Amino acid sequence: MKNVLDILKERGLFEDCTNPEVGEVLSKPGVVYAGFDPTSDSLQAGNLVTILVLSHFQRCGHRVVALVGGATGMIGDPSGKTSERTLLTPEQVEKNLEGIRENLSRFLDFAHPTAPAQILNNHDWLGGFTFLDFLRDVGKHFRMGTMLGRESVRARLASESGMSFTEFSYALLQGYDFLHLFDSEGCRFQVGGSDQWGNITAGTELVRKLRSEEVYGITTPLVCDSAGQKFGKSEGNAVYLDPRKTSPYDFYQFFFRTTDADVVRFLKIFTFLTIDAIAELEQTVREAPEKREAQRRLAEDVTRTVHGEAGLQVALRASEVLFGGSIEGLSAADLAAIFADVPSVELTRGDVVGSPAIDVAAAAGLCQSKGAARRLVQSGGLYLNNVRVAGIETTVQPDDLVDGEVAVLRSGKKNFHLVKVLGDA
RNA sequence: GGCAGGGUACUCAAGCGGUCAACGAGGGCAGACUGUAAAUCUGCUGGCUACGCCUUCCUAGGUUCGAAUCCUAGCCCUGCCA
């Protein structure tokens with residue numbers, strides 16, 4: 001079996017490690033963990049990198065532990081943040097943990113015969129710690145000099161907003177996690193984004209000090225698009241893995257819209273396609289970029305993994321119709337099926353027929369306000385049933401409703417809203 | 001506890017008595033060009049019953065014909081010192 005480290009390297013998933021001999025150690029099955037912050041009730045596309053790395057580990061015969069930060073999430077990781085975070089309430093954390101468990105179950109094999117994946121919550125061991133015990137048993141082993149020298153701390157201290165003791169202590173908690181998992185699970189590896197470097201080394205150092213054993217940290221690059229933006233945002237919103245927060249259709253579209261410059265890199269990172277297969281796709285990007293072969297493949301593979309074959313099919317069908325052009329000839333039932341996954345609203349007939357299109361767009365939630373809808377029309381960006389709305393005085397006519405009950409509103413090229421009309425005239 | 005600085009729209013950040021729904025930048029949205037790409041150019045970016053009206057510049061009061069701008073109190077943030 002291939003060494004997982006080589007796989008990570010050839011896929012652009014390797015950034016750095018705490019000790020160069022990690023490759024040799026990884027030639028034998030071991031236990032690896034990665035932490036996930038419960039800041040939201042669903043993981044996001046950005047978390048995929050870490051999740052996929054864990055998956056690669058599992059495929060190479062290692063046992064993986066996904067650590068959800070029930071305790072650390074209540075503190076807030078200062079890494080990569082420019083300002084102090086808002087604290088989550090225990091209830092929020094608890095709720096978010098549920099969603100994250102659900103997300104992870106789609107990627108990791110919890111029923112693996114020899115090395116099933118596990119999800120652990122660090123609140124289980126950190127929650128009962130008293131402050132005094134923690135200071136004596138853990139805090140004692142952290143040196144102020146090292147901690148203050150950390151990039152994440154230095155940056156924050158130099159900034160105007162400063163840093164609280166709470167966030168400053170974050171690294172200790174995460175460091176202790178590694179120690180705990182080393183003791184209880186025999187875990188010797190931690191993976192995380194490169195922004196986790198400081199937190200990871202806190203753990204490797206703690207284990208070295210207290211157990212005189214070497215444990216290893218491996219970081220993945222922070223994935224950005226070619227514009228330098230952090231990966232995983234679509235129209236300003238995070239792309240979630242939970243279908244209730246980001247529909248399979250939107251999820252598929254997010255990946256489909258990947259730019260040429262990023263698509264090969266993303267294929268390596270986010271799919272399990274072989275390097276050879278990816279090289280072929282790279283060829284198509286060069287020779288026939290307008291076909292978007294690589295983007296299509298990327299979107300299909302990732303959507304299938306996250307939302308299953310059924311989710312993918314819905315996304316594909318919707319994409320075909322929406323970008324295929326006309327919606328003429330489709331029945332209301334067809335539209336309803338296609339848009340099952342696209343935002344839809346139910347309005348009464350009186351609110352729609354005869355009303356200005358801009359009012360309907362606002363009522364449907366396509367635009368934030370009537371003013372926004374008005375501006376949209378004025379710039380020529382509002383479409384009713386794929387036909388541009390000519391002016392702000394345009395009203396919705398009875399025969400604009402497909403089968404008398406459904407209309408499709410669109411803002412720009414890619415934002416669709418389905419309007420269902422309820423009730424009789 | 002002392003001293004200093006500060007709280008303005010999604011973010012950063014001007015404004016310091018009327019010309020302010022509030023400069024500018026970033027972001028976002030839309031248009032043109034395209035390949036659901038990139039780059040570029042253009043417009044928009046508080047709400048509305050819209051050539052006008054309404055609600056905004058931490059909160060509550062006050063001064064003034066008139067306040068985001070001045071005063072008072074309060075809340076919060078930050079830095080330095082102790």
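Please read all numbers here as calculations on a predicted model, not as lab measurements. Proteins get letters first, then strands, A, B, ... in listed order; numbering begins at 1 in each.
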Here the side chain to side chain donor-acceptor pair (under 3.5 Å) pairs for residues 351-362 of chain A, sequence neighbours left out, are A/Thr348-A/Asp351
With sequence neighbours left out, the residues meeting ring pair (Phe, Tyr, Trp, His ring centres under 6.0 Å) with A/Phe272 are A/His56
Within residues 358-368 of chain A, those residues having any heavy atom closer than 4.0 Å to RNA chain B are none
Result for 5'-nearest mapping on RNA chain B, choosing between A/Tyr252 and A/Ser411, is A/Ser411
Mind checking A/Gly380 for me? I need base, sugar-phosphate or nothing, with any heavy atom below 4.0 Å counting as a touch. sugar-phosphate
**Prompt:** Taking OP1 and OP2 of B/U36, is either one under 4.0 Å from a side-chain nitrogen or oxygen of A/Asn415?
**Reply:** no
Apply side-chain contact (heavy atoms from CB on, under 4.5 Å) to the pair A/Leu409 and A/Tyr383, showing each step before the final yes or no.
CA-CA 6 Å; A/Leu409 284 172; A/Tyr383 300 78; over 6 Å; no
I'd like a table of donor-acceptor pairs (distance under 3.5 Å, sequence neighbours excluded) in which one partner is a side-chain atom from residues 122-132 of chain A, with atom names and distances.
{"from": "A/Asn122", "atom 1": "OD1", "to": "A/Gly70", "atom 2": "N", "distance (Å)": "3.1"}
{"from": "A/Asn122", "atom 1": "OD1", "to": "A/Ala71", "atom 2": "N", "distance (Å)": "2.7"}
{"from": "A/Asn122", "atom 1": "ND2", "to": "A/Thr72", "atom 2": "OG1", "distance (Å)": "2.9"}
{"from": "A/Asn122", "atom 1": "ND2", "to": "A/Asp177", "atom 2": "OD2", "distance (Å)": "2.9"}
{"from": "A/Trp125", "atom 1": "NE1", "to": "A/Asp177", "atom 2": "OD1", "distance (Å)": "2.9"}
{"from": "A/Thr130", "atom 1": "OG1", "to": "A/Asp133", "atom 2": "N", "distance (Å)": "3.1"}
{"from": "A/Thr130", "atom 1": "OG1", "to": "A/Asp133", "atom 2": "OD2", "distance (Å)": "3.2"}

Among the nucleotides B/G35, B/C33, B/A32, whichever has the atom closest to the side chain of A/Gln295 is B/G35
Q. Which part of the nucleic acid, if any, lies within reach of A/Arg296 when heavy atoms closer than 4.0 Å are counted: base, sugar-phosphate only, or nothing?
A. nothing
TODO: Kindly state whether the ring of A/Phe251 and the ring of A/Phe255 have centres lying under 6.0 angstrom apart.
DONE: yes
Under 3.5 Å, which N/O atoms of the protein pair with N/O atoms of nucleotides 44-46 of chain B?
{"from": "B/C44", "atom 1": "O2'", "to": "A/Arg375", "atom 2": "NE", "distance (Å)": "3.2"}

Report which part of the nucleic acid A/Gln253 touches: base, sugar-phosphate, or nothing (heavy-atom distance under 4.0 Å, all strands). base
In numerical order, the residues of residues 277-293 of chain A whose heavy atoms come under 4.0 Å of RNA chain B are A/Pro289, A/Glu290, A/Arg292
So, is A/Tyr383 close to the B/G31 phosphate, meaning a side-chain N or O under 4.0 Å from OP1 or OP2?
yes
